[in-house]
Undergrad: 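I am attaching a structure below and will ask some questions about it afterwards.
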Amino acid sequence: MNNKIYLLFLFVAPLLCLMAWTGSLYMQRSKGVDIKVAVTGYDPRDLLSGHYISYTIDWDKTDCAQFPDGVCRADEFCKERTFWGINRQCRFYVPEQYARSLDTLFRNRNNEDMVFEVIYSYSKGHKAIAKQLLINGKDWHDF
Amino acid sequence: MSLSAKLQVWVENQLITPAQSKEILAFEMKNNKSFFWKAAFSIAALFIGLGICLIVASNWDLLPEWLKLAVDFAIFAALIYGVYWSFEHSKDRLKELFLLLCFLMIGASIGLIGQIFNLDGGWSSFAFAWCLLGIPYVFFSRAVWFNIVWLWILCSSAHFELLDMVFEWISHQFLGLFAAALFFNTLAYGAYKADKFINRYTVIALAAGKLSMFFAYISVIGGGFEWGMFSRGVPPYITLAANIFVFTYFGCRMLLAVKGQNLISFKRNALLVELYIFALFASAFGDLFATGIGFILGGVLILFMIYVLRKTSAYIKKMEIFNE
């Protein structure tokens, strides 16, 4: 009987880990304060997680007063720790059916008047989580 | 010759009775774990798993994120129950199917979580997390290819650029690839030894052994092509040393295969050495006539080697009788 319980626990453990990870990300996202950052660059790709837009944060155009201590914490954004160092690449995932039109919009260099921003959920000491992509101040869905 | 044809011949020659022939056939039918069914199950699992991954990847906007996660976790939980149920009822093929699906489901789930929370992690983090969480499913699977895939993904998580750098460096040293071949052979030897002790629990050591052997072959052949070919313009003594290494390596492998009565390994090494000889001749001769003479000589040499081996080795004959 004990063996059966161990076996079942072994098989369920990865699911529990994934659930715990999701829970912690959800908590972190809901507790953080909203920070709006200006973004540049584009590079939509198709990977296992679907289409995403790859961008860099333009800190010169970002209002640092939004941060609790009034200082831009660039270190806590788009930071992926790997065995070999830190990789900095920001991503925002978009549904497949909109990927092409968003890609065109991002690629079109004539759209100088357009402002692309991302709202992050930020809690000090944690990696910020991207929540919303804005185009000219509107959610990309409404654009 | 198929088993039924062989049995018929044995009955006709009064080696066995018709009743024994029937019994042997019945036993073989009961115990025959056909490759076709295994492959069919694996391919089906792969299709379903990849289908789930692609649905997740399409990032359908219609469902709220909590529902997407709930559906994902519910499917995962159902698959886990499938694994548990097949263990309980000793359904080996179903067990393999569900284990593979669970492993793929982990990848799909990490992808979905990454998508919902816009995580920035690249392949290294993704592959490492996937492999780490997939350990229980890989550990209990008896499918060697599944374990090899897991090891491959784990290795790839190390860092593509770093592996590339290491490989670049090794391939530019004369002894680099041959040292790598010896390293992978030692690794394979250790893995096969370990497999003898742990095979009844897991085939991970066997998979590690096979993967190491694959890399060993790549290293030897790569080293031979880099340093042993006449057209590469390297000093003759280096070409000679490289070819001595390649032929000694394959010779030792064939000798071990004969000693261990492993016909598959013997054939694999024989085929590789033949192809290497072909490449060597192709690199050695300039004009068509000389190349033609070279190929004929090479072919005759190979035929002579096979003839001598078949005539002199009782082991080979035994292997051919029992393994073909």
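From a predicted model like this one, the values you see are computed outputs, not experimental measurements. Lettering follows sequence order; numbering is per chain, from 1.
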Undergrad: Using a heavy-atom distance cut-off of less than 4.5 Å, which residues of residues 194-207 of chain B contact chain A?
TA: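 So no residue qualifies.
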
Undergrad: For residues B:Gly114 and A:Tyr93, report the shortest heavy-atom separation together with the two atoms involved.
TA: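 Scanning both residues, the minimum pair turns out to be O-CE1, 3.3 Å.
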
Undergrad: Can you tell which of A:Leu10, A:Leu25, A:Ile129, A:Val12 has the highest number of heavy-atom pairs within less than 4.5 Å of chain B?
TA: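 Most heavy-atom pairs within the cutoff with chain B belong to A:Leu25.
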
Undergrad: Look up atom CZ in A:Phe11 and atom CZ in B:Phe139, then write down how far apart they are to the nearest 0.5 Å.
TA: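 So the CZ of A:Phe11 and the CZ of B:Phe139 are separated by 10.0 Å.
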
Undergrad: Between B:Leu133 and A:Leu18, does the side chain to side chain contact (heavy atoms under 4.5 Å, CB included) criterion hold? Intermediate values first, please.
TA: CA-CA 9 Å; B:Leu133 291 174; A:Leu18 285 171; 3.8 Å; yes

Undergrad: Name all residues meeting the disulfide bond (SG atoms under 2.5 Å apart) criterion together with A:Cys72; count only those two or more places apart in sequence or in a different chain, and write none if there are none.
TA: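 By the disulfide bond (SG atoms under 2.5 Å apart) rule, A:Cys72 matches A:Cys64.
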
Undergrad: Please table the atom pairs, donor to acceptor, closer than 3.5 Å between any side-chain atom in residues 78-86 of chain B and protein atoms at least two apart or in another chain.
TA:
from	atom 1	to	atom 2	distance (Å)
B:Trp85	NE1	B:His89	ND1	3.3
B:Ser86	OG	B:Gly82	O	2.8
B:Ser86	OG	B:Val83	O	2.9

Undergrad: Do B:Ile116 and A:Tyr26 pass the side chain to side chain contact (heavy atoms under 4.5 Å, CB included) test, and can you show the C-alpha distance, the side-chain angles, and the key distance before you say yes or no?
TA: CA-CA 10 Å; B:Ile116 287 173; A:Tyr26 183 79; over 6 Å; no

Undergrad: Check whether B:Leu132 gets within reach of chain A through its side chain, its backbone, both or neither, counting any heavy atom under 4.5 Å.
TA: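 Contact with chain A is absent: no heavy atom of B:Leu132 under 4.5 Å.
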
Undergrad: How about CH2 on B:Trp152, more than 12 heavy atoms from neighbouring residues, nucleotides or ligands closer than 6.0 Å, or not?
TA: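 No, because the 6.0 Å sphere around CH2 of B:Trp152 holds 12 heavy atoms or fewer from other groups.
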
Undergrad: How many angstroms lie between atom CZ of B:Phe87 and atom CG of A:Leu8, to the nearest 0.5 angstrom?
TA: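 One gets 11.5 Å once the value is rounded to the nearest 0.5 Å.
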
Undergrad: In this structure, are over 12 heavy atoms from other groups packed under 6.0 Å from A:Trp59 atom CH2?
TA: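 For A:Trp59, atom CH2 is crowded (more than 12 foreign heavy atoms under 6.0 Å).
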
Undergrad: Look up atom SG in A:Cys17 and atom CD1 in B:Ile110, then write down how far apart they are to the nearest 0.5 Å.
TA: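 Nearest 0.5 Å value for the SG-CD1 distance: 10.0 Å.
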
Undergrad: Using heavy-atom distances under 4.5 Å, tell me whether B:Phe140 contacts chain A through its side chain, its backbone, both, or neither.
TA: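 It is the side chain, since no backbone atom gets that close.
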
Undergrad: Measuring from A:Lys127:NZ to B:Leu119:CG, what's the distance to the nearest 0.5 Å?
TA: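 Answer for the NZ-CG pair, A:Lys127 versus B:Leu119, is 5.5 Å.
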
Undergrad: List the residues meeting side-chain hydrogen bond (donor to acceptor under 3.5 Å, both in side chains) with B:Tyr137, not counting sequence neighbours, and say none if there are none.
TA: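 For B:Tyr137 there are no side-chain hydrogen bond (donor to acceptor under 3.5 Å, both in side chains) partners, ignoring immediate neighbours.
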
Undergrad: Kindly determine whether B:Phe117 and A:Thr22 satisfy side chain to side chain contact (heavy atoms under 4.5 Å, CB included), including the steps that lead there.
TA: CA-CA 9 Å; B:Phe117 295 97; A:Thr22 310; 4.0 Å; yes

Undergrad: So B:Ile106 and A:Leu15, side chain to side chain contact (heavy atoms under 4.5 Å, CB included) or not? Walk me through it.
TA: CA-CA 8 Å; B:Ile106 291 174; A:Leu15 176 62; over 6 Å; no

Undergrad: Quick check on B:Ala77 against chain A: is it the side chain, the backbone, both or neither that has a heavy atom closer than 4.5 Å?
TA: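 It is both, since atoms from each part get that close.
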
